Amino acid sequence: MKDSLMAHELEQFQDGRTAFVAGNNMDAWHRLGIVKAGSLTVEDLMTDGLLGGWDVRTEPLFFTETGDRCLECGAGLGSQHEDVCATGDEAEAAALQAAGVGVDEFDGRNQGRNPFRLVVDDDTATPHPMRNWWATVRTNPVTKATEPLGTVQGKYTPIQNEELAEILQALVDEYGAVFDTGGSLRGGREVFMSMKLPEAVQVGGQDAHNLNLVGMNAHDGTRSLYLVTTMIRVVCANTQSMALQNFKSKFKIRHVGNAKARIAEARQALDLSFKVAEDFQKEAEKLLMAPMSDKEFQSFCEVIWPKTEVSNTMHAVSKYHERGARLLKLFREAPTQENCRNTRWAAANAFSEYTDHWVDIRTKQDYAVARADRALFGDGAELKDRVFQLLKVG
């Protein structure tokens, strides 16, 4: 999802709380925030996840044009405001308060001239509305202050966090799905929620996978609301790409009009039913029945990452061999491969486990969030899509 880069920072508030809550699942998000014993309710997301009551809204944007005189008293730029000028009075009051002295003493120190009562550029600025541009703002759930989130154009309509929860619920209401995570990122500019369908898919009768639905929404105008489906392998929490030929794993809802009106379309496009899980199971079991030797696996790794594309430096060559050795070890020896060793299914899981748990993540922000981001939305998801497609048996 090239236009959907999730930020790497869970939001933290002045009272020390983090805008994240998780239910009883075991994915990468659970190193952070509040973890609850059972499944989550919408109320849990809004209260414990601090996602409720934001009232995201748009406000007009303005630009200012500076002149050469105070807009109120007409004094020239760099001169003193007239005695009767509220703009000058405010500046003087602020200066007196900062100095902590009376008017006479303050004037005496400055030879009767208040340097803070001088006309500055801001006093000459005329505001002009920016046509068709708006600021998105919210009510901070802790301080209740109004905070800016981003800038948008045109007929942008905010999608509230409560609406995102309603959309997710409506998509899977007939299947008994439950919420398992929710939180906000980048100072509230992005939010996410995920749900888990109740029944796991058993690949080969014993390798359990859960079907999850993830909703991501941006309040800063950087992207649309996205709905993503993925499989989570229970034994190791790997995310399995749902790159099936007749299956669309992502759906986009733009911030225009009524988002909830597109629920039926989203349900149809994502095919959120147990048929999706059944299709995944069929594809996975074909891989499970297809043998793969160590040599074949190493050749497959060369297809994914050709050695000819590695720069001829000691560091690059060393990293290339380290990656190959790690993947081969996962393919041969990982405890999570116990029931599928030496198969194409083991190869798919080796790449998934490497991508989700072993790839170096370079980030200045939260490491765990960055890893989850990569697994679900970034390069990791794209890599697993490609691996799954190349391994598929006809």
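Position 1 is the first residue of the sequence; numbering continues from there. This structure is a prediction, so every number in the text was calculated from the model and none was measured.
Partners of Phe63 according to the ring-ring contact (aromatic ring centres under 6.0 Å, His included) rule, which considers only residues two or more places apart in sequence or in another chain, are His128. For Trp305, the ring-ring contact (aromatic ring centres under 6.0 Å, His included) test picks out Phe351, with sequence neighbours left out.
Placement of Trp133 and Phe62 in two distinct hydrophobic clusters is found when ILVMFWY residues are connected by side-chain heavy-atom separations under 4.5 Å, directly or transitively. Phe388 and Leu330 fall within a single hydrophobic cluster, where Ile, Leu, Val, Met, Phe, Trp and Tyr side chains are chained together by heavy-atom contacts under 4.5 Å. Using a 4.5 Å cut-off between side-chain heavy atoms of Ile, Leu, Val, Met, Phe, Trp and Tyr, with links allowed through other members, Leu225 and Ile263 fall into the same hydrophobic cluster. Under a hydrophobic-cluster definition in which Ile, Leu, Val, Met, Phe, Trp and Tyr are linked whenever side-chain heavy atoms come within less than 4.5 Å, directly or via other members, Ile34 and Val142 are assigned to different clusters. Hydrophobic clustering of Ile, Leu, Val, Met, Phe, Trp and Tyr side chains at less than 4.5 Å, counting indirect connections, keeps Phe192 apart from Val178.
Counted by atom type alone, Ser79 and Arg69 present zero donor-acceptor pairs between their side chains at under 3.5 Å. Side-chain N/O atoms of Thr336 and Glu353 include a donor and acceptor closer than 3.5 Å. No hydrogens or angles considered: a donor-acceptor pair under 3.5 Å links the side chains of Thr41 and Asp44. Under 3.5 Å, the side chains of Thr18 and Gln12 contain a donor-acceptor pair of N or O atoms. A donor-acceptor contact closer than 3.5 angstrom is absent between the side chains of Gln153 and Asn132. Of the N and O atoms on the side chains of Asp180 and Ser194, at least one donor lies less than 3.5 Å from an acceptor on the other residue.
Within the model, atoms CD of Gln80 and SG of Cys73 stand 10.5 Å from one another, a figure rounded to the nearest 0.5 Å. One finds the CE atom of Met193 at 10.0 Å from the OG atom of Ser184 (value rounded to the nearest 0.5 Å). Rounded to the nearest 0.5 Å, atoms CZ (Arg341) and CG (Asp294) are 10.5 Å apart. Atom CD of residue Glu283 and atom CD of residue Gln389 lie 8.5 Å apart, to the nearest 0.5 angstrom. Note that CG of Asp68 is 7.5 Å distant from CG of Leu77, once rounded to the nearest 0.5 Å. Met292 CE to Leu391 CG: the interatomic distance, rounded to the nearest 0.5 Å, is 5.5 Å.
Taking 4.5 Å as the limit, some side-chain heavy atom of Cys70 sits within range of a side-chain heavy atom of Val119. In this structure the side chain of Leu390 reaches within 4.5 angstrom of the side chain of Val303, judged on heavy atoms. Residues Lys286 and Trp345 have side chains not in contact (no heavy-atom distance under 4.5 Å, counting atoms from C-beta outward). Counting heavy atoms from C-beta outward, Arg17 and Leu50 have side chains that approach closer than 4.5 Å. Contact check for Met195 versus Asn212: no side-chain heavy atoms found under the 4.5 Å cut-off. Using a 4.5 Å heavy-atom threshold, the side chains of Trp54 and Val191 count as touching. With a 4.5 Å cut-off on side-chain heavy atoms, Tyr156 and Val256 do not count as touching. Using a 4.5 Å heavy-atom threshold, the side chains of Arg262 and Lys252 count as separate.
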What side-chain donor-acceptor pairs closer than 3.5 Å can you find for residues 84-91, not counting sequence neighbours?
unit_1, atom_1, unit_2, atom_2, d
Thr87, OG1, Glu72, OE1, 3.0
Asp89, OD1, Arg117, NH1, 3.1
Asp89, OD1, Arg117, NH2, 3.0

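Between Ser293 and Phe331 the shortest heavy-atom distance is O-CE2, 4.0 Å. Listed here is the closest heavy atom pair of Ala290 and Val393: CB-CG2, 3.8 Å. For the residue pair Thr64 and Pro127, the shortest heavy atom distance occurs at CG2-CA, 4.2 Å. When all heavy atoms of Trp134 and Thr58 are compared, the closest pair comes out as CB-CB, 3.9 Å. Across Gly215 and Leu227, no two heavy atoms sit closer than the pair CA-CD2, 4.1 Å. Summarising the geometry of Gly188 relative to His219, their closest heavy-atom pair is O-CD2, 3.6 Å, with the distance given to 0.1 Å.
Not one N or O on the side chain of His321 forms a donor-acceptor pair closer than 3.5 Å with the backbone of Lys319. In this structure a side-chain-to-backbone donor-acceptor pair under 3.5 Å is present from Asn217 to Ile159.
Taking the charged nitrogens against the carboxylate oxygens, Arg186 and Asp220 do have a contact shorter than 4.0 Å, which makes a salt bridge. Ion pair Glu285/Lys282 not flagged as a salt bridge, since none of the NZ, NE, NH1 or NH2 atoms sits closer than 4.0 Å to an Asp/Glu carboxylate oxygen. Between Lys260 and Glu166, at least one side-chain nitrogen of the basic residue sits less than 4.0 Å from a carboxylate oxygen of the acidic one, meeting the salt-bridge criterion. A salt bridge between Glu190 and Arg223 is present, with a side-chain N of the basic residue lying under 4.0 Å from a carboxylate O of the acidic one. Glu11 has a carboxylate O that lies under 4.0 Å from a charged side-chain N of Arg138, or vice versa, which qualifies the two as a salt bridge.
Atom CZ of Arg254 has 12 or fewer heavy atoms from other residues, nucleotides or ligands within 6.0 Å. In Met130, the CE atom is crowded: over 12 heavy atoms of neighbouring residues, nucleotides or ligands sit closer than 6.0 Å.
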Item checked: Test log, rule side-chain contact (heavy atoms from CB on, under 4.5 Å), inputs Leu213 and Val172 -> CA-CA 9 Å; Leu213 173 65; Val172 290; 4.1 Å; yes

Note to self: Using the rule given for side-chain contact (heavy atoms from CB on, under 4.5 Å), can you reason through Ile304 versus Arg386, listing the C-alpha separation, both sets of side-chain angles and the distance that settles it, and then say yes or no?
What the structure shows: CA-CA 8 Å; Ile304 298 298; Arg386 183 167 177 240; 4.0 Å; yes

Check: Can you list the steps and then say if Lys36 with Val21 is a side-chain contact (heavy atoms from CB on, under 4.5 Å)?
Finding: CA-CA 7 Å; Lys36 305 195 80 170; Val21 62; 3.9 Å; yes

